[in-house]
Amino acid sequence: MPEIGNTYEVAFERPKSMYAQFDRKEDLQHTTHYCAGCGHGQVHKLLAAAIDELGIQDRTVLTSPVGCSVFAYYYFDVGNVQAAHGRAPAVATAIERSRPGATVISYQGDGDLSAIGSAEILHAANRGENITVIFVNNAIYSMTGGQMAPTTLVGQRSTTSPGGRNPATEGYPLRMSELLATLEAPVYIERVGLGDNRQIAQARRAIKRAVENTTKRLGFSMVEVLAPCPTIWKMSPVEAQRWVKDVMEKSYPLGVMRDRVKDAEPKPEPMVAPGLAEIPGLLGIEAAVPGEASRSGHRRRGKAVHLGVRVAGFGGQGVLLLGEVLAEAGLEAGLEVSWLPSYGPEMRSGTSNCHVRLASEPIDTPLVTMPEILVAMNEPSLRKFDASVKAGGWVIYNGEEFPAELMREDVHVLAREFTREAQALGDPRVANMVMLGALLELAGVVKAEAIHKALTKLVKSPKWVELDERALARGRVMAREEREQVSRGCGVMVG
Amino acid sequence: MHRQLMKGNEAVVRAAILAGCRAFYGYPITPASEITEAAATLMPKVGGVFVQAESEVAAVNMLYGGSSAGVRCMTASSGPGISLMQEGISYLAGAELPCVIADITRGGPGLGNLGSEQSDYHQVVKGGGNGNYKTLVLAPNSVQEMADLTRLAFELADRYRNPVMLLADGFVGQMMEPVEFAGKALEPGTPSWAVTGERETRGNMITSLHMKFDDLERHVRHLEEKYRCAEQLEARVERSFTRDAEIVLVGYGIVGRILKAVVAEARAAGLRVGLLRPITLYPFPTSEFRAIASHARCVVVVEMSTGQLVDDVRLALNGACPVEFYSRVGGNVPGHDEVMALVTRLAREMDLQARLEEMGVAHA
């Protein structure tokens with residue numbers, strides 16, 4: 001600032017939070033790009049003054065919208081983020097959440113906020129984001145040349161409502177402040193005007209109050225400013241200012257729509273982030289046990305394993321869990337494993353199936369189109385997958401009556417009322433584990449210890465683990481009996 | 001670290017947090033929802049941010065905000081949600097904001113279905129937003145790669161100051177396999193360009209707006225230069241038996257896994273078949289394709305789309321080698337046996353042609 005001399009006391013000067021010269025602007029770097037009499041110039045100054053008075057210039061982040069104030073970053077000497085049309089409240093949300101020390105201000109026009117960005121403003125307000133929204137309402141799309149906005153007054157002419165806004169087809173002016181004041185979360189919402197000096201003085205107070213709320217982390221604050229647009233309204237600056245007061249205000253009454261500032265609790269301080277060393281534990285990532293080899297099939301010795309299993313049944317029968325326990329047990333046993341669900345709408349009534357592979361070598365495809373073992377927990381599943389079973393494989397079917405037309409000469413069948421067996425053990429829901437027990441006995445790839453480990457990992461309740469263990473044991477016995485019968489030549493296997 | 005059984009979707013979030021990601025903004029959609037759910041549980045535990053956005057439009061703009069604030073951040077969605085994010089992706093690329101976006105692809109167009117497809121290739125690799133921009137695209141084929149490539153995605157995003165996309169099909173997202181999280185937890189510093197609400201960053205500004213024609217041209221040329229760099233440095237593939245392959249199978253994601261099984265079976269039958277699996281879809285591994293063209297007699301592209309990757313393969317080969325195409329869509333998967341049948345037929349035709357040539361008979 002040039003020295004003015006000691007004879008004058010400076011009563012009013014450019015706020016420090018506005019640049020003295022607008023270097024980001026291409027030319028005319030000492031004037032704004034706003035038209036004579038435009039409300040944005042005034043609102044910019046009021047906002048910058050509030051930032052100065054609150055002493056928060058360094059910590060302020062301004063998100064600018066799309067519309068005439070898209071270039072707010074030409075003028076505000078604060079951190080600046082320019083957002084897509086209507087999205088500033090979403091952008092501001094994320095900045096504030098990650099930088100709770102910042103004072104984040106979303107500056108938006110009426111097309112931006114009340115039309116294309118109506119969802120973003122509604123939800124930012126409803127979440128009670130700790131941001132200030134400065135909403136400049138001039139009842140028109142100005143930058144694009146005067147099209148109708150949701151805020152355009154009834155009967156007001158625009159390039160897209162040339163006969164004047166007709167409520168029958170275009171609805172009524174959208175009162176965003178009143179709308180947002182129906183929400184629980186906002187702490188402060190006020191509508192002010194730039195219609196005369198008194199109104200401007202009130203606008204100044206309101207803007208400062210909103211920003212102050214944000215610095216105190218009280219939650220969502222918004223100031224709607226009724227602002228003149230002489231150029232698009234085709235008025236002189238003086239006429240436009242009068243129009244704000246005499247006409248606009250009738251559709252948009254000034255006043256405080258929400259004030260819960262006194263009762264508002266500051267947002268909790270963010271937690272102290274844990275140290276990096278703690279992160280894996282917090283994510284449930286298992287650290288290697290010293291001395292224990294990594295659970296990898298490459299280090300396993302013994303016979304080669306290639307087992308493909310398809311498990312199918314009704315949703316709720318425990319189809320996916322059966323597969324998961326098998327895969328987890330395979331991993332415990334040092335095998336390579338994969339588990340692939342057929343996923344669908346999250347409903348209980350549908351059918352469900354999964355593919356499981358256990359192998360001593362890395363698994364190429366996790367899809368099991370020709371299983372060595374099919375576990376069919378109901379008849380539709382049997383009908384669907386029976387033909388796909390590899391010759392020499394097994395079908396474990398939950399039902400005593402194996403449909404004759406599905407009988408194949410080249411596969412073994414273990415058909416039992418597994419649900420009834422489970423019922424006898426105490427709960428029909430462990431039918432899946434009885435069937436898994438049978439599968440394990442027939443496949444002979446995973447030892448009981450690995451199964452136990454897998455079960456205790458996946459099933460949290462000890463009561464259920466105990467029941468599941470008994471179910472598995474029962475299944476093993478049933479399979480053993482069947483196999484003995486087969487070897488005696490009187491089993492179902494005919495081939 | 002220990003190998004543990006986990007869904008691909010769950011591995012993504014853990015790998016992201018280990019890579020220093022501390023903000024997730026999501027909107028639920030099958031088959032990507034587990035990513036959002038895991039983030040909702042885990043982000044608060046590590047002092048990170050989780051916001052369930054009101055839409056994918058809001059979620060991607062939250063990414064814009066989080067990235068502007070200098071935080072490693074991500075989102076995840078599927079086809080229709082990714083379509084909604086395209087606006088934001090263009091802004092992110094334009095404003096040079098790093099972030100990671102996972103697309104766990106489902107069936108389309110429109111609502112399509114919940115099955116797995118690879119029909120988002122064009123909208124992800126070519127981009128669906130306005131303007132001259134690219135996103136780097138990584139295509140995992142296993143739960144392990146879901147973890148490894150997520151970590152890589154954050155590195156690349158920061159290196160190029162650009163959104164990086166993880167393009168996985170529903171299978172890779174939903175399946176469980178053992179995974180090992182390699183590498184320590186990272187704490188990336190705040191980039192110097194970020195707007196953090198502190199004195200040091202007060203002069204910073206994030207925008208994609210360049211009013212002067214010359215300014216925008218300079219900016220777009222700068223972006224172009226970055227992409228040229230990435231094309232030189234970042235293309236990645238998996239090769240399997242390509243050295244002497246007469247028939248080279250090409251597929252990414254779950255298809256790459258199926259093709260691997262086909263290669264094993266074909267080799268066992270004495271057929272010279274190999275696999276070239278693009279891991280980066282952009283930058284496209286063009287030179288790898290040129291290299292196989294010198295000896296391959298046929299390239300077979302297999303996709304769960306009506307033909308999207310195959311366009312890039314044809315461009316890369318530029319006529320140097322005939323290209324066959326096989327696809328299944330709607331949630332169906334190209335069966336290992338279906339591809340094997342095609343390979344056998346092609347091999348027989350080639351063999352026949354070779355014998356005709358030996359006999360001196362011109363073959364049209």
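Below, chain A is the first sequence line, B the second, and so on; all start at residue 1.
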Quick check for you: to the nearest 0.5 Å, what is the distance between [X] atom [atom1] and [Y] atom [atom2]?
X: A:Thr365; Y: B:Leu259; atom1: OG1; atom2: CG; answer: 9.5 Å
X: B:Ser142; Y: A:Asp364; atom1: OG; atom2: CG; answer: 12.5 Å
X: B:Tyr25; Y: A:Thr93; atom1: OH; atom2: OG1; answer: 9.5 Å
X: A:Leu331; Y: B:His2; atom1: CG; atom2: NE2; answer: 7.5 Å

Which atoms of [X] come close to chain B, meaning under 4.5 Å heavy atom to heavy atom: side chain ones, backbone ones, both, or neither?
X: A:Asp77; value: both
X: A:Gln57; value: both
X: A:Glu120; value: both
X: A:Glu96; value: neither
X: A:Ile363; value: both

What residue, out of [options], has the most heavy-atom pairs lying under 4.5 Å from chain B?
options: A:Val356, A:Thr103, A:Leu282, A:Leu340; value: A:Leu340
options: A:Val78, A:Thr63, A:Thr369; value: A:Val78
options: A:Ser338, A:Ala83, A:Gly86, A:Cys354; value: A:Ser338
options: A:Met271, A:Arg59, A:Arg87; value: A:Arg87
options: A:Gly117, A:Ala102, A:Pro274; value: A:Pro274

- Query: Does A:Arg24 CZ have over 12 foreign heavy atoms under 6.0 Å away?
  - Reply: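 Yes, enclosed.
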- In this structure, are over 12 heavy atoms from other groups packed under 6.0 Å from A:Gln29 atom CD?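 Buried by this count: over 12 neighbours within 6.0 Å.
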- Message: What residues of residues 10-17 of chain B make heavy-atom contacts with chain A at a cutoff under 4.5 angstrom?
- Response: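 Result: B:Arg14, B:Ile17.
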- What are the residues of residues 38-45 of chain B, in order of number, with any heavy atom under 4.5 angstrom from a heavy atom of chain A?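 Against chain A, the residues of residues 38-45 of chain B that fall inside the cut-off (heavy atoms, under 4.5 Å) are B:Leu42, B:Pro44, B:Lys45.
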- Is it the side chain or the backbone of B:Ala261 that comes within 4.5 Å of chain A heavy atoms, both, or neither?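 Both backbone and side chain.
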- Message: Quick check on the interface: out of B:Arg202, B:Glu187, B:Glu177, B:Met211, who has the most heavy-atom pairs with chain A under 4.5 Å?
- Response: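 The answer is B:Arg202.
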- Query: What option among B:Glu200, B:Glu87, B:Arg199, B:Lys260 has the most heavy-atom pairs under 4.5 Å with chain A?
  - Reply: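 Sorted descending by pairs with chain A, the first entry is B:Arg199.
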Compare every heavy atom of [Y] with every heavy atom of [X], then report the nearest pair and how far apart it is.
X: B:Leu209; Y: A:Val70; answer: CD2-CG2, 3.6 Å
X: B:Ala58; Y: A:Ala90; answer: O-CB, 3.7 Å
X: B:Val46; Y: A:Ala273; answer: O-CB, 4.2 Å
X: A:Pro366; Y: B:Met175; answer: CG-SD, 3.5 Å
X: B:Tyr91; Y: A:His85; answer: OH-N, 4.3 Å
X: A:Arg97; Y: B:Val51; answer: NH1-CG2, 3.6 Å

Do any side-chain atoms of residues 60-67 of chain B form donor-acceptor pairs under 3.5 angstrom with protein atoms, and if so which ones, sequence neighbours left out?
{"residue": "B:Asn61", "atom": "ND2", "partner": "B:Val57", "partner atom": "O", "Å": "2.8"}
{"residue": "B:Tyr64", "atom": "OH", "partner": "A:Gln82", "partner atom": "O", "Å": "2.6"}
{"residue": "B:Ser67", "atom": "OG", "partner": "B:Pro98", "partner atom": "O", "Å": "2.6"}

- Query: Looking at residues at least two apart in the chain, or sitting in another chain, which of them share a ring pair (Phe, Tyr, Trp, His ring centres under 6.0 Å) with B:Phe50?
  - Reply: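 Checked B:Phe50 against ring pair (Phe, Tyr, Trp, His ring centres under 6.0 Å); zero matches.
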Are any non-hydrogen side-chain atoms of [X] and [Y] less than 4.5 angstrom apart?
X: A:Ile285; Y: B:Leu18; answer: yes
X: A:Leu276; Y: B:Lys184; answer: no
X: B:Arg257; Y: A:Leu367; answer: no

- Query: Are B:Glu54 and A:Arg127 ion-paired here, with the side-chain N under 4.0 Å from a carboxylate O?
  - Reply: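 Result for this pair is yes, salt bridge flagged.
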- Between the main-chain N or O of B:Ala69 and the side-chain N or O of A:Arg99, is there a donor-acceptor pair closer than 3.5 Å?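 Such a contact is found between A:Arg99 side chain and B:Ala69 backbone.
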